[in-house]
Visitor: 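Please find one structure pasted underneath; my questions will follow.
Chain identifiers are assigned alphabetically (A, B, ...) following the order of the sequence lines, protein sequences preceding nucleic acid strands; residue numbering begins at 1 within each chain. Just so it is clear, the values below take in all heavy atoms, side chains as well, and ignore hydrogens, waters and symmetry mates.
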Number of protein chains: 2
Amino acid sequence: MTAEEPLLRRRRGPSMADVARLAGVSGQTVSRVANGRHNVDEATRDRVLAAMREVGYRPNSAARALRNGQFRSIGVIVFELSSFGNTRTLDAIATAATSSGYAVNLIPVLNATQGTLSGAFDRAFNRLGEQAVDGVVILIEAHQLDEAEVQLPDGLPVVVVDSNADFDYPIVDTDQAQGARLATEHLLDLGHRTVWHLGGPAKSFAASRRLRSWRQTLMDRGCPVPPVLTGDWSAGSGYEAGRELAADPDVTAVFVANDQMALGLLRALHEHGRSIPGDVSVVGFDDMEEAAHFWPPLTTIRQFFAEVGRRSVDALISEIQAGEHHHQPVAVATELVIRESTAPPRS
Amino acid sequence: MTAEEPLLRRRRGPSMADVARLAGVSGQTVSRVANGRHNVDEATRDRVLAAMREVGYRPNSAARALRNGQFRSIGVIVFELSSFGNTRTLDAIATAATSSGYAVNLIPVLNATQGTLSGAFDRAFNRLGEQAVDGVVILIEAHQLDEAEVQLPDGLPVVVVDSNADFDYPIVDTDQAQGARLATEHLLDLGHRTVWHLGGPAKSFAASRRLRSWRQTLMDRGCPVPPVLTGDWSAGSGYEAGRELAADPDVTAVFVANDQMALGLLRALHEHGRSIPGDVSVVGFDDMEEAAHFWPPLTTIRQFFAEVGRRSVDALISEIQAGEHHHQPVAVATELVIRESTAPPRS
DNA sequence: GCGAGTCATGTTGACGTAAACATCGGAGGA
DNA sequence: TCCTCCGATGTTTACGTCAACATGACTCGC
């Protein structure tokens, strides 16, 4: 059974030893070349480099990680169905991490209520149970995390992208309050008597921040505070809420907690024959790509997801490398983008 | 300088040896428990488990990977700005991989034309240069990959999510041709004389498949083939194309190569006062969440991204584990979703 | 009652890398 | 001329895990 042999050596690439043998040097010298050390003779370096190319050498990151006690890898915990914003943030995180020389490990969490992976089973599959990353960025809303079956090993550096200030970890997020204020004030400045609000799910910290800030702004300006509608971030829930709002002639301005719900709301308004912005003005939140092409193009609050992603990676890496904990939350400012869904109320 | 000591042992968690010492067994027994082997006495197992808990043991995946010559990790190569569909596919890939016990490594590629990472610099950061994954799923359109600075080490199992049949790797993708046919026939069946087409970028294989199939369908039915408009998948480009189309009264039916462009097209049509579906019918492609709430709700071709993701992971894992290469491309069928953007032409 | 078989457990070594230390030849200073 | 220092290179070892083999206790069948 000599056929066994190739099978055995399968998927085990050339190692330093192979390169060393070919180049006629010691493994250590190969290591030095691979790591770009300067204390290697020019001629030797070239010889080693040539040998590497010849055998197709690639450093084995497992051995490296074992040796160094570091993985140069960060985990990103995301909820199974990544929402629009998370996707953009994730993108930025991946880019930032990569250019800092860190790999990115995607760790999807399954909602505990929906899966029934139990005991040993889930343990094997929970990548965090295994030491394989140097730190993690949590991209899920905290309340979802609570329900999920991840528990964070302690001692692992963590950065949370969320809006809950009462967290034991460093936090990076969009400045929800500032954004909501921007939206509300824009509508008020246009001359609307007050502003309705379609909020996100009650358990979301981001949603409640936006809601609180909207209410505060109204109160600061001495405007009446209308009852709040609540959606679940989806266009469908925006549509449902929109049907209620469309029926009420008092409603002339709505601040919707995200663009997707705003889309649904727009549709409901159209169906009821209410013109936008003639009869009612609408402001969204996020500035997703498509918002500029809604009908009408949506005035909205632009979030800088890329910035959030970048900042969270920076924070995580400095925590990993320096052990720094700066519990000072990072709030990334938003920007009002005025398009065609807002106008002064009909006089 | 005794302060050095804690620094030294920092970030090096407890190992099997620590657990073994505490439980009064050998490291091997700890290993057996950790791997759920059955040849361990009940009492011993409990003792070990308790010890693990006490010291907070987590298996070191680097050591494990080194030992086994496998990483239990797959890489997913994505383009920097992940498009809508890719995001959904990525999600499915992550879920499928996780539940097969594989970790997911996100590998963003930077377009070569835009970054100027050179030489040693990029080598250090290209995660594929380092052996750290057992295989990769390529989620980028092939033409983008060509321009990018990734080169695949050979011997690495690869699955491509794309529509190019002339590939040296296994392929999984949506059945673009079937989808485009569905869309075109729907419009024709409604009674339209012919169907215009707003396609995706010329270099995209998916786009050209859809285009070819649209044209073929028209020819099969003996309909005239109108000139093709080309966009870049974005709503903005859909809007531009829409302005042209809206000006032409002959246009009564348009098949748009994705939902985002369809959104822009819808907007352009509204601006020109053309009613949908009264004056012109529109069919999209993708069935993104929001499509149901466009104005009017969009008739579109639903892609099953989750299925594509799952199938590609399956294919990759079987390639990794069994070394199977089945170059038989996998095509996932689509489905026509009829909503309110299509109707018979005005008689 | 004794060899064969079974099962829990222990010991050894190797996976690929890189830090720490060792070696060696030559440059420079007295 | 001899000693020191430095830079290039080699040797040893440990990182944590687990397969392979070794050991020893105990059971079973005849």
Visitor: Would you kindly give the CZ-to-C1' distance between B:R37 and D:dA20, to the nearest whole Å?
Guide: 12 Å
Visitor: What's the spacing between B:I93 CD1 and A:L106 CG if we round to 0.5 Å?
Guide: 10.0 Å
Visitor: Once you apply a heavy-atom cut-off of 4.0 Å, does A:S15 come out as touching a base, just sugar-phosphate, or nothing?
Guide: sugar-phosphate
Visitor: Inspect the contact between A:R311 and A:D314 and indicate whether a charged nitrogen and a carboxylate oxygen are less than 4.0 angstrom apart.
Guide: no
Visitor: Measure the distance from CD on A:Q70 to P on D:dA14 and round it to the nearest whole Å.
Guide: 22 Å
Visitor: Taking 4.0 Å as the cut-off, does a side-chain nitrogen or oxygen of B:N68 come that near to OP1 or OP2 on D:dT17?
Guide: no
Visitor: Using atom CE of B:M16 as one end and atom C1' of D:dT17 as the other, report the distance to the nearest whole Å.
Guide: 6 Å
Visitor: I need the B:S26 OG to B:R21 CZ distance, nearest 0.5 Å.
Guide: 12.5 Å
Visitor: At a heavy-atom distance below 4.0 Å, which nucleotide of DNA chain C is the first touched by chain B, and which is the last?
Guide: C:dA8 to C:dG16
Visitor: Compare side-chain N and O positions of A:R67 against OP1 and OP2 of D:dA14 and report whether any pair is under 4.0 Å apart.
Guide: no
Visitor: Does the side chain of A:T44 get closer than 4.0 angstrom to OP1 or OP2 of D:dT9 through an N or O atom?
Guide: yes
Visitor: To the nearest Å, give me how far apart CZ (B:R58) and C1' (D:dT17) are.
Guide: 16 Å
Visitor: Quick one: are B:V33 and B:V25 in side-chain contact, heavy atoms under 4.5 Å?
Guide: no
Visitor: Heavy-atom distance under 4.5 Å between the side chains of A:N105 and B:N105, does that happen here?
Guide: yes
Visitor: Just by modelled atom types, is the B:G101 backbone N or O under 3.5 Å from a matching donor or acceptor in the B:R72 side chain?
Guide: yes
Visitor: Starting at the 5' end of DNA chain D and moving along, which residue's nearest nucleotide shows up first, A:A63 or A:G24?
Guide: A:G24
Visitor: Using the closest heavy atom to pick a nucleotide of DNA chain C for each, name whichever of B:L66 or B:D41 lands nearer the 5' end.
Guide: B:D41
Visitor: How would you label the contact of B:T29 with the nucleic acid (heavy atoms, under 4.0 Å): base, sugar-phosphate, or nothing?
Guide: sugar-phosphate
Visitor: Any chance you could measure B:F205, atom CZ, to B:D173, atom CG, to the nearest 0.5 Å?
Guide: 11.5 Å
Visitor: Tell me the interatomic distance from B:N39, atom CG, to D:dC18, atom P, rounded to whole angstroms.
Guide: 13 Å
Visitor: Give B:V30 one of three labels, base, sugar-phosphate or nothing, depending on what nucleic acid heavy atoms sit under 4.0 Å from its own.
Guide: nothing
